[in-house]
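Count residues from 1 along the sequence.
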Amino acid sequence: MQEEKIVNPDAASVIREAMPDDEYLYDLSELFRIFGDSTRIKILYSLFDNELCVGDIAAILQLSQSSVSHQLRILKDSKLVKFRRDGKSIYYSLDDDHVRSILDLGMEHLEE
């Protein structure tokens with residue numbers, strides 16, 4: 001592989017030094033991959049200002065409970081949603097305000 005001549009070596013040096021480790025960038029790309037599924041986005045928007053159980057999410061989105069449960073497991077493993085148990089019921093909500101911010105920024109970007 002032939003190395004291209006760098007036009008701005010000072011900028012290239014600064015960028016190379018500031019570049020996060022590959023493992024960190026891999027984790028970041030995995031996080032964004034989670035947002036690449038419209039069903040998961042719908043679930044996240046359902047939870048934007050609400051705490052809901054699987055049955056409610058399934059009814060709202062007209063999906064099966066098993067499909068919603070599967071997607072919630074992915075979202076929970078990615079630390080995008082959290083849950084709390086109330087007796088036999090489990091309620092889901094967004095994990096924190098960062099998730100709201102990501103969704104807000106995405107929508108803002110689309111509306112420009």
Roughly how far apart are [X] [atom1] and [Y] [atom2], rounded to 0.5 Å?
{"X": "D95", "Y": "K76", "atom1": "CG", "atom2": "NZ", "value": "11.0 Å"}
{"X": "L44", "Y": "L94", "atom1": "CG", "atom2": "CG", "value": "6.0 Å"}
{"X": "D27", "Y": "S78", "atom1": "CG", "atom2": "OG", "value": "10.5 Å"}
{"X": "L80", "Y": "I102", "atom1": "CG", "atom2": "CD1", "value": "6.5 Å"}

note = Smallest heavy-atom separation, V81 atom then L72 atom, equals CG2-O, 3.9 Å
Name all residues meeting the side chain to side chain contact (heavy atoms under 4.5 Å, CB included) criterion together with [X]; count only those two or more places apart in sequence or in a different chain, and write none if there are none.
{"X": "D56", "value": "L52, C53"}
{"X": "R85", "value": "I90"}
{"X": "K79", "value": "none"}
{"X": "H70", "value": "R73, I74"}

query = Does L105 share a hydrophobic cluster with L110, counting links as ILVMFWY side-chain heavy atoms below 4.5 Å and allowing steps through other members?
reply = no
remark   = Sequence neighbours excluded, the answer for ring pair (Phe, Tyr, Trp, His ring centres under 6.0 Å) partners of Y45 is F48
key: Note, R84 side chain near E51 side chain (heavy atom, < 4.5 Å)   = yes
request  = Under 4.5 Å between side-chain heavy atoms, chaining through other members, with only Ile, Leu, Val, Met, Phe, Trp and Tyr counted: pull out the rest of the cluster around L25, sorted by chain and number.
outcome  = I15, M19
message = Restricting to salt bridge (Lys or Arg N to Asp or Glu O under 4.0 Å), what partner residues turn up for D97, sequence neighbours left out?
response = R100
message = Before you tell me yes or no, could you show the steps for I41 and L103 under side chain to side chain contact (heavy atoms under 4.5 Å, CB included), namely the whole-Å CA-CA distance, both residues' side-chain angles and the distance that decides it to 0.1 Å?
response = CA-CA 8 Å; I41 294 292; L103 293 170; 4.2 Å; yes
Enumerate donor-acceptor pairs with a distance under 3.5 Å from any side-chain N or O in residues 29-37 to protein atoms, sequence neighbours excluded.
{"unit_1": "S29", "atom_1": "OG", "unit_2": "Y26", "atom_2": "O", "d": "2.8"}
{"unit_1": "E30", "atom_1": "OE1", "unit_2": "R33", "atom_2": "NE", "d": "3.0"}
{"unit_1": "E30", "atom_1": "OE1", "unit_2": "R33", "atom_2": "NH2", "d": "2.9"}
{"unit_1": "D37", "atom_1": "OD1", "unit_2": "T39", "atom_2": "N", "d": "2.9"}
{"unit_1": "D37", "atom_1": "OD1", "unit_2": "R40", "atom_2": "N", "d": "3.0"}

Verdict with reasoning, V54 to V68, per side chain to side chain contact (heavy atoms under 4.5 Å, CB included) = CA-CA 7 Å; V54 173; V68 170; 4.0 Å; yes
Show the atom names and distances, to 0.1 Å, of all donor-acceptor pairs under 3.5 Å that link a side chain in residues 60-67 to residues at least two apart or in another chain.
{"unit_1": "S64", "atom_1": "OG", "unit_2": "S67", "atom_2": "N", "d": "3.0"}

request  = Apply side chain to side chain contact (heavy atoms under 4.5 Å, CB included) to the pair L47 and I57, showing each step before the final yes or no.
outcome  = CA-CA 9 Å; L47 299 173; I57 297 169; 4.0 Å; yes
task = Scan residues 74-103 for pairs that pass ring-ring contact (aromatic ring centres under 6.0 Å, His included), counting only residues two or more places apart or in two chains.
result = none
request  = Scan residues 57-66 for pairs that pass salt bridge (charged side-chain N to carboxylate O under 4.0 Å, His left out), counting only residues two or more places apart or in two chains.
outcome  = none
query = Considering residues, nucleotides and ligands other than N8, do more than 12 of their heavy atoms fall under 6.0 Å from its CG?
reply = yes
